[in-house]
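Heads up: the structure comes next, in structure tokens.
We count residues from 1, following the sequence as given.
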Amino acid sequence: HAETSFAEWRPISVSYLYEDAIRSGNLSQCERYYDLMVQDNFTLAHLIDAQVGLIDITSLPSPEIDWPSNMRDCYVENTYSTIVNAYAARASSQMATIAKWLGHDADAARFNTTANSLTKTLNLLNFDRATGKFCDGVCRPELLPETAQAMPAQRGRPSGHTLARTTNHTAWHSSVF
């Protein structure tokens with residue numbers, strides 16, 4: 001029941017479907033669940049703030065924080081969560097691949113556009129080049145549209161490096177996965 005669970009569980013559901021096909025070579029689950037997964041509800045694309053270019057998570061359940069409290073890295077929950085946006089970018093990329101496998105070229109193009117846009121915006125707004133790390137949310141508010149600049153910068157910083165996406169399905173690199 002990903003649709004009512006933690007914020008990142010919806011896009012993780014897409015990853016389960018994708019990984020099943022990659023590891024088994026069998027597309028039957030992709031075919032069976034495509035009509036459900038193709039909905040923007042699972043990639044969270046319907047929640048992209050058109051002015052900012054990232055998913056606004058305020059209408060979602062909280063992200064899952066399952067680390068013991070003494071092992072957490074001072075994560076700051078915020079409007080444009082790097083974690084949720086990175087999961088959504090990956091899910092969109094994976095849905096593009098699934099759509100291509102199943103011959104749904106228009107859907108593949110739409111999901112690719114979403115994945116590329118989210119990845120580009122995450123790297124622009126949520127990555128602090130001075131430290132070489134992602135912030136928990138937007139850490140470069142000066143790059144936001146004027147109407148969104150009132151939002152304070154989020155400064156919790158997990159270690160990591162910019163998101164990299166290639167045609168190889170294993171080539172995602174980020175601290176948020």
Self-check item: Working for side-chain contact (heavy atoms from CB on, under 4.5 Å), residues Phe127 and Thr82
Solution: CA-CA 9 Å; Phe127 185 73; Thr82 299; over 6 Å; no
Exercise. Tell me, with the steps shown, if Leu118 and Ile48 meet side-chain contact (heavy atoms from CB on, under 4.5 Å).
Key: CA-CA 9 Å; Leu118 282 172; Ile48 294 174; 4.2 Å; yes
Side-chain atoms of residues 52-60: list all donor-acceptor pairs with protein atoms under 3.5 Å, sequence neighbours left out, distances to 0.1 Å.
| from | atom 1 | to | atom 2 | distance (Å) |
| --- | --- | --- | --- | --- |
| Asp56 | OD1 | Thr58 | N | 2.9 |
| Asp56 | OD1 | Thr58 | OG1 | 2.7 |

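Shown here for Thr114 and Ala45, the closest heavy-atom pair between the two residues is CG2-CB, 4.1 Å. Closest heavy-atom contact between Ala21 and Leu27: CB-CD2, 3.9 Å. A pairwise comparison of heavy atoms in Thr43 and Ser92 identifies CB-OG, 3.6 Å as the closest pair. Closest approach of Ala108 to Ala99, counting heavy atoms only: N-CB, 3.6 Å. The nearest pair of heavy atoms linking Ser81 to Val84 is OG-N, 3.2 Å.
With values rounded to the nearest 0.5 angstrom, Asn85 atom CG is found 10.5 Å from Phe134 atom CZ. Met37 CE to Tyr16 OH: the interatomic distance, rounded to the nearest 0.5 Å, is 10.5 Å. Going from atom CG of Asn112 over to atom CE of Met95 covers 11.5 Å, rounded to the nearest 0.5 Å. The distance from the SG atom of Cys139 to the CG atom of Asn126 is 6.0 Å, given to the nearest 0.5 Å. The CZ atom of Arg10 lies 7.5 Å from the CZ atom of Phe42; values are rounded to the nearest 0.5 Å. Going from atom CG of Leu44 over to atom OH of Tyr87 covers 12.5 Å, rounded to the nearest 0.5 Å.
Here salt bridge (charged side-chain N to carboxylate O under 4.0 Å, His left out) pairs that include residues 109-122, with residues two or more places apart or in two chains, are Asp40-Arg110, Asp107-Arg110. Among pairs with a residue in residues 27-37, none fulfils salt bridge (charged side-chain N to carboxylate O under 4.0 Å, His left out), at least two apart in sequence or across chains.
Tyr33 is linked by a side chain to side chain donor-acceptor pair (under 3.5 Å) to nothing, counting only residues two or more places apart in sequence or in another chain. Partners of Asp105 by salt bridge (Lys or Arg N to Asp or Glu O under 4.0 Å), not counting sequence neighbours, listed by chain and number: Lys100. For Asn26, the side chain to side chain donor-acceptor pair (under 3.5 Å) partners at least two apart in sequence or on another chain are Ser28. For Ser15, the side chain to side chain contact (heavy atoms under 4.5 Å, CB included) partners at least two apart in sequence or on another chain are Arg90, Gln94.
Residues Tyr34 and Leu102 have side chains in contact (heavy-atom distance under 4.5 Å, counting atoms from C-beta outward).
Between Tyr18 and Trp101, the angle of the ring planes stays under 30°, which puts this pair in the parallel group of the 30/60° scheme.
Of the possible polar contacts, one joining the Thr119 side chain to the Ala115 backbone as a donor-acceptor pair under 3.5 Å is found. The main-chain N or O of Ala89 is never found under 3.5 Å from a side-chain atom of Ser93 such that the two would form a donor-acceptor pair.
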